Structure formats: C-alpha cells, structure tokens
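Take a look at the structure below.
Only this structure's heavy atoms are used, side chains among them; waters, hydrogens and symmetry mates stay out. Keep in mind it's a predicted model, so treat the numbers as computed, not measured.
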Amino acid sequence: MLRFILQRLLLLPLLLFVFSVVVFLLVQAPPGDFLTSYLATLASSGSSVDQAQVDALTKQFGLDQPFHVQYIRWMEGLGRGDLGLSLEYQRPNMELIGERLLLTVLLALFAFVFTWVIAIPAGIYSATHQNSILDYVFTLLNYIGVATPNFMLALILMWVAFSSFGVSVTGLFSREYEQAPWSLARFIDLLQHIWLPMIILGIAGTARLMRVMRANLLDELNKPYVVAARARGLSEWRLVLKYPVRLAINPLVSTIGWYLPQLFSGSLIVATVMNLPNIGPMLLRALVQQDMYLAGSILLIYCFLTIIGTLISDILLAWLDPRIRMENA
Amino acid sequence: MNHATPLLSVHNLQVQFFMDEGIVQAVDGVSFDVFPRQVFGIVGESGCGKSVTMKAILQILEPPGRIVKGEILLNRNGSTIDLAKLNPNGKEMRDIRGAQIALIPQEPMSSFSPVHTVGDQIIEAIRLHQPVHARAARQIALEMFRDVGIPMPEQRLDEYAWQLSGGLRQRAMIAMALSCHPRLLIADEPTTAIDVTTQAQILRLLRKLQEEHHTAIIFITHDLGVIAQMADYVQVMYLGLVMEEGPVDAIFHAPKHPYTQALLRSIPSVHSTPRVNLPTISGSIPHPFNRPSGCPFHPRCPQFIAGKCDKHIPPLRSVGGVQAAACVLYHDVEVPR
C-alpha cells in the first residue's frame with residue numbers, strides 16, 4: 001500500500017508538467033492576447049491609448065516573445081512558488097486567489113455536507129422501503145433534481161425571491177458586510193445568505209447520490225450475509241446500518257476525494273449568475289479578458305487538486321475495504 | 001421418542017408470495033413435529049418450499065412472502081409459544097432467533113460480511129443473547145472455533161471470510177450457530193456449496209456436535225444420500241406439499257409414494273447395472289403460477305389414474321404403520337358428485 005502511494009506521488013511532477021503545457025496551450029489558444037482585448041474594451045468605452053504605450057506594455061509582459069519563452073518564464077515563476085502577476089488587476093495572482101479561497105471552500109463544504117446529510121438517509125429509506133409512497137416521492141424529486149440545470153434553478157429562485165418577497169438573494173453578504181473585516185456579525189450574515197447557493201449547488205449532487213445509494217443498497221439487501229445476520233437475532237435497523245449500508249456506501253465514500261477540486265473551483269456558472277464572490281467568476285473573467293497567467297494558475301491548481309483527490313479516493317477505498325487493502329499488501 | 005413433547009410443532013403452515021403476477025402458494029399446509037435430539041430431514045427438489053418453511057419458522061421471510069395460516073409452536077421450558085403470531089421484528093422473536101433456533105445457511109461463502117472479520121460477527125451473535133463483555137465473548141468464540149476443529153483459532157477469528165477455505169467457512173458458520181447453545185438448529189443445505197470430501201467431514205462434525213450439545217436439527221437438503229446419513233425422520237416435499245414422511249429406514253427401504261420411489265430410483269448405486277441410463281423423473285417441476293390440479297405430482301407420475309389424481313389433493317395418511325403418504329394408491333378418495 002505504501003509503495004503504491006509512493007509510486008503515485010513520484011508520478012505527480014510528470015503529470016503536472018503535462019497538464020501545465022496543456023493548460024498553457026489552451027489559455028493561449030484564442031486569437032489575440034490580453035492587450036488586444038484590453039484595447040478593445042477601452043475603444044468601446046470611447047477612450048484610446050497611443051501606440052507607444054501599447055508597445056511598452058507588450059514588452060513589459062513579454063507578450064511579443066514566442067510561445068515557449070513565455071511558457072518557460074511562467075514555469076520559472078512557478079518553480080519559485082510565484083504564480084505570476086495578473087495582467088488585468090496588476091496584482092500577484094496568489095493574492096487574488098487567496099482572497100476568494102476561504103469563501104469558495106466554505107460554500108463548497110456547505111454544499112457537500114448538505115448533499116451527504118440529505119442523500120444518504122433518504123437513499124437508505126428509499127431502498128429499505130422500496131416502492132413505498134415516500135420512495136416514489138424521492139424518485140420523482142430525484143429526476144427533477146438531476147434534470148434541472150443548476151444555473152436555471154438559481155435564476156428561478158432568484159426571480160421568485162425578488163418578485164414575491166422583494167429581496168435580492170445574490171451574493172454571500174449584505175451590502176454593509178461585503179467589505180467588512182471578519183467578525184461574528186459578518187459570519188452570521190454569511191450564514192443567512194449561504195443556504196440558497198448551498199441548496200442550488202447541492203441539489204443535483206444530492207439527487208444523483210441518493211439514486212446511487214438506493215441502487216447500491218438494494219443490491220446488498222438480499223445478500224445471504226443479511227439473512228444470516230437476521231437469523232442470529234439482530235434488530236432490523238442495526239443490521240441494515242452495520243452490514244448492507246456499510247457495503248453500499250464504500251464506493252461512495254471513496255469518491256469523496258473527487259470533491260477536492262470542486263472545493264476550489266466554485267461552480268462557475270451558478271456563481272456568476274448569483275454574483276458569488278468565489279473563484280468561479282474570477283476564472284471566467286480571466287478567461288474572457290485573456291488574463292492568461294491568472295487563468296493558467298487557477299486551472300493548474302485545479303489539475304493538481306484533481307490528482308491529489310484521486311489519490312485520496314484510492315487510499316480511502318483501500319482503508320474501507322479489506323478486500324482491496326489486503327490485495328495490495 | 002414419540003411419547004416425548006415435541007420441541008417444535010408446525011401445524012398446517014401456509015406461506016404465500018404475493019407477486020404482481022398473482023399469488024404463489026409456496027408452502028401449502030405442512031405439519032410436522034421435531035422432538036428433542038432428533039434430526040428431522042426435509043428433502044425435495046429446488047422450489048418445493050423447503051427453504052421457505054425454514055424461513056417461516058425463523059420469521060425471516062422476505063416480502064412479498066407471508067405466513068397466511070398455521071401455527072409454529074415452540075416448546076420453551078414447558079410452555080408453548082406460537083412463533084407465527086409474533087411480530088417478525090419484535091424483541092421476543094429476535095430473542096428466539098439465534099438463541100433458541102439457530103441457522104446454518106446454505107452459502108457459507110457469502111453468509112459472512114466481506115468487510116467484517118469472522119470474529120466480529122460471531123462475537124456479535126454471542127453478545128446479542130448472552131450478557132457478557134467483549135473479551136468474554138471472544139473467549140467463547142475461541143472455544144467454539146476449537147470445538148468445530150478450526151486450526152489456529154486465535155488467528156482465524158481476526159480474518160475475513162474470504163480468507164478462509166470453504167470448509168473452514170462452514171465450520172465457522174456452525175461455530176456461530178452453536179455459540180448460543182440453541183435447542184434447535186436449522187441446517188439449510190449446509191453442504192451443497194462445498195466439495196465432497198469436506199462435505200463428509202462437515203456432516204460428521206454436525207453429527208458429533210449434535211450429540212454433544214443435545215441439539216435437535218432440521219436438516220434441509222435435496223441430496224438423498226446426505227439425508228440417509230444424517231436424519232432420523234424424513235419428510236418428502238413437492239410443490240409446497242408433503243408427499244410422504246416416516247422414519248429414515250422406512251422411507252429408504254420401503255418408499256410408498258410414487259414420487260419418493262422415483263427419486264430413489266434416480267440415485268446411482270453400486271449395485272446397478274453398468275452402462276445403463278439412470279432412470280429419471282419425466283417432465284419438469286411445474287411453474288408456480290401453473291400448478292396442476294389435484295395431486296401436484298400427477299403430470300409426472302408413472303402411476304397416474306385419470307379422473308382421480310387430477311381431481312383431488314390426497315391428504316397425508318398413515319400407510320403401513322410407521323410412515324404416511326399422500327397418494328390415492330393407498331387410500332382412495334371419494335370423487336364428489
């Protein structure tokens with residue numbers, strides 16, 4: 001097992017190198033660069049910049065250099081732990097990402113907890129009460145949950161909230177707390193706002209997880225080891241929780257590692273629609289503005305977390321299931 | 001032995017499965033008594049209702065199966081209790097399962113959870129019915145493992161079922177079943193999933209333990225050879241009905257019902273003529289939704305009497321003293337006008 005983890009860790013730099021090239025290629029792929037889109041924005045607002053200024057900026061950012069030189073410059077910075085400077089904000093990317101990281105992670109954690117707290121008990125109920133009325137209700141809700149795009153749900157809920165209650169439910173803070181330093185009052189204000197994005201972000205995942213939990217558990221419920229446990233006089237709910245649920249949930253728990261990149265990404269479209277101050281909208285803006293070092297940094301961190309998350313999933317699975325653990329030993 | 005009080009008496013047990021396609025009569029009025037220290041064999045082809053009978057006794061029938069009629073009387077310290085009337089998930093029934101009546105299941109392979117150690121599950125069974133702490137329960141489990149002849153019991157207890165061989169797994173199952181000293185053991189085809197040599201060892205072990213612990217056993221199997229070796233008294237089932245019953249010697253040496261006779265003819269014997277096909281029972285078991293009228297065996301019966309066998313279900317009646325058969329050949333039923 002230890003050898004397996006070490007092997008995977010040794011592979012990490014190679015994978016990151018491949019990903020960094022791909023990410024850089026993709027970010028560079030659209031025609032033009034940051035300055036062309038910057039000038040276009042300026043021109044549309046009526047102001048103009050003279051050619052000398054443009055040339056100076058081009059030189060400063062190295063935008064006139066060939067692709068590989070730009071890539072190497074970026075890599076050199078990364079090697080020193082420097083994610084580079086954002087072209088648009090003229091500030092270090094590290095700072096920009098750092099500012100939004102806490103809220104991004106908080107929101108994702110809330111959505112994650114919501115998903116599991118609702119989906120697992122409901123899935124267990126559905127499987128143990130198969131074809132009951134509540135099972136059918138859950139099934140119907142599941143289909144709706146999976147089939148509705150979450151940005152759509154966000155728009156509908158925002159419209160309902162605004163048209164019937166006259167409140168705006170965008171953002172994560174009331175206006176007075178938006179720029180305020182952290183305090184208990186600000187945290188309470190956050191809690192008052194975070195539940196709606198939490199539900200919107202969590203609903204599709206909840207529906208999917210509930211379906212998988214139900215299906216997995218139904219597969220396990222008629223296994224001979226359940227009959228044997230029942231025959232030795234175990235009470236029904238203790239039996240269900242100890243044996244079939246444990247086996248049904250194993251493959252699901254092992255997917256927890258995959259939430260790691262999601263914690264960081266901050267659901268791009270929903271966050272943009274709801275004007276949430278997390279990393280999602282920042283990535284979108286960086287891509288549109290061709291702020292290539294900022295976009296590249298976010299994407300690269302995302303790749304890194306995906307690799308680590310997969311590794312965590314594998315370790316979790318081995319830890320939970322002795323059949324896998326012992327096979328590797 | 002027949003003068004003693006039966007440990008378990010089943011009266012007119014009927015189990016039905018309520019399916020979307022209709023009702024399946026899985027057990028249709030089965031009655032029997034099991035006496036202390038007796039090995040009671042139930043034999044029949046797959047689908048005859050023998051496993052369903054076992055599940056009904058333990059009240060672990062899965063929906064859509066349900067006991068619709070009958071009594072399952074368990075004698076407990078002189079008083080009798082009707083298991084069929086108890087709530088299947090109630091405390092009273094759960095205290096009987098595992099403690100008074102224990103099960104040795106069919107598939108030792110999958111009857112242990114693959115992610116819990118064997119010891120974990122046996123200790124759980126012990127602690128459910130005996131007021132002991134974890135450490136004491138482990139000692140009991142260890143002793144049981146030694147009793148059933150598992151080598152290196154200390155180590156085996158902490159292993160997973162899939163790390164044990166088929167024979168060891170079944171021994172572990174037997175250890176678990178006996179760990180709470182049940183008075184009745186239900187062995188549901190305990191040897192079908194293991195190879196013949198191991199099978200013989202397991203049967204010998206069961207016999208030995210049964211004598212040591214004074215347990216009664218209901219032994220369910222489709223294997224007549226195993227029944228001959230194990231049982232004192234045998235009941236032959238077909239499509240949820242009892243065809244014939246009697247002491248093991250009578251059933252094997254003087255079978256009365258054509259079905260029992262046909263079953264015994266189809267066993268290979270060292271005395272039979274070589275290079276001759278074994279006789280088989282013609283036809284196959286009818287579909288549960290398409291039960292034949294009258295005696296369920298009549299479409300396959302070599303001694304079928306038209307107008308009689310297909311009209312009436314003959315009741316089980318005494319034939320030749322010790323055994324009973326349900327067949328018109330021995331007691332004519334009157335055709336109603």
Side-chain angles (χ1 to χ4, degrees), chain A residues 1 124-136 213-214 216-254 315-329, chain B residues 20 51 54-55 57-64 87-117 120-129 158-163 172-173 176-177 179-180 182 185-186 188 193:
Chain A
M1 191 66 213
I124 293 172
Y125 182 91
S126 262
T128 49
H129 299 76
Q130 196 190 3
N131 301 333
S132 65
I133 292 176
L134 206 52
D135 178 32
Y136 286 128
M213 185 65 205
R214 179 180 184 272
N216 283 4
L217 189 53
L218 280 177
D219 279 348
E220 295 295 332
L221 278 178
N222 290 322
K223 292 271 173 77
Y225 68 84
V226 178
V227 177
R230 201 172 281 142
R232 59 178 173 261
L234 209 56
S235 74
E236 196 64 18
W237 69 268
R238 260 181 71 187
L239 176 156
V240 167
L241 289 186
K242 182 171 176 187
Y243 298 108
V245 164
R246 168 75 195 278
L247 273 121
I249 215 170
N250 270 3
L252 296 177
V253 171
S254 72
I315 295 171
L316 272 177
L317 193 61
W319 177 61
L320 282 171
D321 196 328
R323 286 168 297 185
I324 293 169
R325 186 167 67 230
M326 308 234 170
E327 199 178 323
N328 283 324
Chain B
D20 290 340
S51 287
M54 166 285 282
K55 285 188 172 176
I57 294 171
L58 282 167
Q59 284 266 45
I60 53 171
L61 283 167
E62 282 121 15
N87 171 9
N89 295 323
K91 173 121 179 55
E92 210 172 349
M93 191 63 227
R94 280 190 278 115
D95 283 345
I96 290 170
R97 282 204 286 267
Q100 304 278 330
I101 309 175
L103 171 73
I104 300 175
Q106 208 173 111
E107 299 168 66
M109 187 71 147
S110 40
S111 292
F112 280 113
S113 155
V115 298
H116 298 83
T117 59
D120 179 320
Q121 293 165 76
I122 295 178
I123 290 166
E124 173 186 79
I126 295 170
R127 295 195 64 192
L128 270 173
H129 301 293
D158 293 321
E159 286 186 341
Y160 296 93
W162 40 267
Q163 292 173 293
M173 265 296 159
M176 169 141 80
S179 63
C180 296
L185 203 58
I186 300 180
D188 183 13

Practice prompt. Let me see the working for B:Val115 and A:Leu247 under side chain to side chain contact (heavy atoms under 4.5 Å, CB included), right down to the final yes or no.
Written response: CA-CA 7 Å; B:Val115 298; A:Leu247 273 121; 4.0 Å; yes
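- Between A:Pro224 and B:Gln106 the shortest side-chain heavy-atom distance does not fall below 4.5 Å.
- Contacts with chain A were tallied for B:Glu107, B:Glu124, B:Glu62; B:Glu124 has the most, counting heavy-atom pairs under 4.5 Å.
- Checking side-chain atoms of B:His129 against main-chain N and O of A:Gly233 turns up no donor-acceptor pair under 3.5 Å.
- Chain A forms the most heavy-atom pairs under 4.5 Å with one residue out of B:Gly98, B:Ala125, B:Pro114, and that residue is B:Pro114.
- For B:Met176, the part lying under 4.5 angstrom from a heavy atom of chain A is the side chain only.
- Taking both residues in full, the closest heavy atoms of B:Ser113 and A:Tyr243 are given as CB-CD2, 3.4 Å, listed atom of the first, atom of the second, then distance.
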Discussion item. Under the criterion side chain to side chain contact (heavy atoms under 4.5 Å, CB included), I'd like the reasoning laid out for A:Arg232 against B:Ile126: C-alpha separation, chi angles, the key distance, then a yes or no.
Written reply: CA-CA 9 Å; A:Arg232 59 178 173 261; B:Ile126 295 170; over 6 Å; no
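- For chain B, the nearby parts of A:Leu234 are the backbone and the side chain; heavy atoms of each come within less than 4.5 Å.
- Of the listed residues (B:Asn89, B:Ile96, B:Leu128), the one with the most heavy-atom contacts under 4.5 Å to chain A is B:Leu128.
- Heavy-atom neighbours of B:Met109 CE from other residues, nucleotides or ligands within 6.0 Å: at or below the threshold of 12.
- Atoms CZ and CH2, from A:Arg323 and B:Trp162 in turn, are 8.0 Å apart once rounded to the nearest 0.5 Å.
- Atoms NE2 and OH, from B:His116 and A:Tyr225 in turn, are 9.0 Å apart once rounded to the nearest 0.5 Å.
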Item to complete: Give the intermediate values and the outcome of side chain to side chain contact (heavy atoms under 4.5 Å, CB included) for residues A:Ser235 and B:Arg94.
Response: CA-CA 7 Å; A:Ser235 74; B:Arg94 280 190 278 115; 3.4 Å; yes
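- Residue contact with chain B, scored on non-hydrogen atoms closer than 4.5 Å, involves the side chain of A:Arg246 exclusively.
- For a residue to count as touching a neighbouring chain, one of its non-hydrogen atoms must lie under 4.5 Å from one of that chain's; by this rule B:Gln59 does not touch chain A.
- B:Pro105 approaches A:Ala228 most closely through the heavy-atom pair CG-CB, 4.4 Å.
- A donor-acceptor pair is defined here as one N or O able to donate and one able to accept, closer than 3.5 Å; such a pair exists between the side chain of B:Arg97 and the backbone of A:Arg230.
- Only the backbone of B:Phe112 has a heavy atom closer than 4.5 Å to any heavy atom of chain A.
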